[in-house]
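A note on names: the letters A, B, ... follow the listed sequences, proteins ahead of strands, and every chain is numbered from 1.
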Number of protein chains: 2
Amino acid sequence: MDSNTISRIQTIITKNSELFDELAQLYKIFADSSRVKILCALTQSEMCVGEISEFLSITQSAVSHQLRILKSSNLVKSKRQGKNIVYSLTDDHVKTIIDCGMEHIAE
Amino acid sequence: MDSNTISRIQTIITKNSELFDELAQLYKIFADSSRVKILCALTQSEMCVGEISEFLSITQSAVSHQLRILKSSNLVKSKRQGKNIVYSLTDDHVKTIIDCGMEHIAE
DNA sequence: TGTATATATGAACAGTTGTTCAGATGTAAT
DNA sequence: ATTACATCTGAACAACTGTTCATATATACA
């Protein structure tokens, strides 16, 4: 590596430091199988907490906790519908990210 | 949600359970800013442990620990070059995954 | 108003993770 | 052989994470 390359890389790493933190933070959300399953279920249809809980065979409480994380990260949104609170994906970035990871696994 | 939809989603979640575990496992590797920075540095050029350590201002020991994780996940490979051990990405899936996440952040 | 249903919340706990430190290993050069 | 250099390793520790349990909140319905 010549000194030009070194200083170029050094700049990239240093200048984008917070960006890498954000990126790690984003991937942290996908780094749990319950959350991945929830997100994947939501790519199929919007649904309420109880349904998610049944689909994944996970405690309603656990689902609720995870949904709070997903919501505060703006990956899902919620609306009340009668007795239920229905969750859905905020956009299709989620699907893109999941697909991207799946592609790596399927090798 | 009609009963057809329910059983379809149920099948998807149940059948791919291990796949979701793998996916979460993969994202777990990207879920740390040190590792993301290491991987990003390696997208620019192969380099040895000491260089990575300087670029990121992280202990050489910490880098070595992280590299072991990255290597055992087959995201990086290593070769000896004189006194140094030079690390590089095994393929360009890594870059794809990083770019995919970056795209989500940049909104 | 009272009761059932759906969801959210907080404390507690066990399990995991990333870093540091001290020292081991291995290679190169004299 | 001895020394210097580069990297690896394992133990220890603090910080963080996901689940569970018990309970609170909030809406619907009788």
Side-chain angles (χ1 to χ4, degrees), chain A residues 1 6 13 17 20-42 45-73 75-88, chain B residues 1 6 13 17 20-42 45-73 75-88:
Chain A
M1 270 204 309
I6 290 182
I13 301 293
S17 184
F20 293 129
D21 292 349
E22 270 187 80
L23 191 60
Q25 205 62 32
L26 173 66
Y27 283 128
K28 218 169 268 184
I29 298 167
F30 290 81
D32 174 81
S33 65
S34 297
R35 283 194 293 271
V36 169
K37 285 173 192 165
I38 292 174
L39 290 172
C40 183
L42 292 178
S45 163
E46 59 173 29
M47 61 187 77
C48 67
V49 182
E51 289 170 322
I52 297 174
S53 172
E54 280 187 42
F55 281 139
L56 309 199
S57 307
I58 290 179
T59 310
Q60 171 273 314
S61 175
V63 173
S64 192
H65 278 298
Q66 298 296 10
L67 283 170
R68 191 165 50 83
I69 293 173
L70 294 172
K71 198 179 176 187
S72 73
S73 313
L75 295 181
V76 308
K77 59 184 196 287
S78 65
K79 66 183 176 196
R80 180 168 282 277
Q81 211 163 70
K83 261 189 280 196
N84 301 318
I85 295 187
V86 178
Y87 282 83
S88 57
Chain B
M1 272 205 307
I6 290 181
I13 300 293
S17 185
F20 293 130
D21 292 349
E22 270 187 80
L23 191 60
Q25 205 63 33
L26 173 66
Y27 282 129
K28 217 168 268 184
I29 299 167
F30 290 81
D32 174 79
S33 65
S34 297
R35 283 194 293 271
V36 170
K37 285 173 192 165
I38 291 174
L39 291 172
C40 182
L42 291 177
S45 164
E46 60 173 27
M47 61 185 80
C48 67
V49 183
E51 288 171 323
I52 297 174
S53 172
E54 279 188 41
F55 280 140
L56 310 198
S57 307
I58 289 179
T59 308
Q60 174 273 315
S61 175
V63 172
S64 191
H65 279 298
Q66 298 296 9
L67 283 171
R68 191 166 50 83
I69 293 173
L70 293 173
K71 196 177 176 187
S72 72
S73 313
L75 296 181
V76 307
K77 59 182 195 289
S78 66
K79 64 182 175 198
R80 178 169 283 278
Q81 212 164 68
K83 263 191 279 196
N84 302 316
I85 294 186
V86 178
Y87 282 83
S88 57

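- Nearest approach of A:Phe55 to B:Ile13, heavy atoms of both residues: O-CG2, 3.9 Å.
- For the OP1/OP2 pair of D:dA6 and a distance below 4.0 Å, the side-chain nitrogens and oxygens of B:Tyr87 include no atom meeting the criterion.
- Rounded to whole angstrom, the span from the OH atom of B:Tyr27 across to the P atom of C:dT17 amounts to 18 Å.
- The backbone N or O of B:Ser34 sits less than 3.5 Å from a side-chain atom of B:Asp32, completing a donor-acceptor pair.
- The distance between atom CD of A:Glu51 and atom P of C:dA6, rounded to the nearest whole Å, is 11 Å.
- The minimum heavy-atom distance between A:Gln60 and A:Ser53, with the atom names listed, is N-OG, 3.6 Å.
- Here B:Thr59 lies in heavy-atom contact (under 4.0 Å) with sugar-phosphate atoms only.
- Put simply, the side chain of B:Ile52 reaches to within 4.5 Å of the side chain of B:Leu67, judged on heavy atoms.
- Atom CZ in B:Arg68 sits about 13 Å away from atom C1' in D:dT7, given to the nearest Å.
- Put simply, CD1 on A:Ile38 is 11 Å from C1' on D:dG18, counting in whole angstrom units.
- Regarding A:Gln25, its CD atom lies at a distance of 8 Å from the P atom of D:dT17, rounded to whole Å.
- Looking at heavy-atom distances under 4.0 Å, B:Gln66 makes contact with sugar-phosphate atoms alone, never a base.
- Nearest nucleotide to the side chain of A:Asp32, out of D:dC8, C:dT20, D:dG18: D:dG18.
- In the set D:dC5, C:dT7, C:dT5, the nucleotide with an atom closest to the side chain of A:Lys83 is C:dT5.
- Take the nearest nucleotide of DNA chain D for B:Ser64 and for A:Ala62: the residue whose nucleotide is more 5' is B:Ser64.
- In this structure, the NZ atom of A:Lys79 is 17 Å from the C1' atom of C:dT7, given to the nearest Å.
- Within the 4.0 angstrom heavy-atom criterion, base atoms lie near B:Ser61.
- Judged by distance alone, with hydrogens and angles left aside, B:Gln60 brings no side-chain donor or acceptor close enough to the base of D:dA6 to form a pair under 3.5 Å.
- Contact check, B:Ser34 against C:dT19: a side-chain N or O comes under 4.0 Å of OP1 or OP2.
- Within the 3.5 Å criterion, the main-chain N or O of A:Cys48 finds a donor-acceptor partner in the side chain of A:Glu51.
- Between the CD1 atom of A:Ile29 and the P atom of D:dG18 there is a distance of 10 Å, rounded to whole Å.
- Not one side-chain nitrogen or oxygen of A:Asn84 sits closer than 4.0 Å to the OP1 or OP2 atom of C:dT5.
- As a whole-Å value, the separation of A:Gln81 CD from D:dA26 C1' is 17 Å.
- Where A:His65 and A:Arg80 each meet DNA chain C at their nearest nucleotide, the meeting point lying more 5' is that of A:Arg80.
- For B:Ile69, the side-chain atoms get nearest to C:dG18 when compared with the rest of D:dT7, C:dG18, C:dT9.
- Between C:dG18 and B:Arg35, a contact under 4.0 Å exists linking OP1 or OP2 to a side-chain N or O.
- From A:Arg35, atom CZ reaches atom SG of A:Cys40 across 15.0 Å, with rounding to the nearest 0.5 Å.
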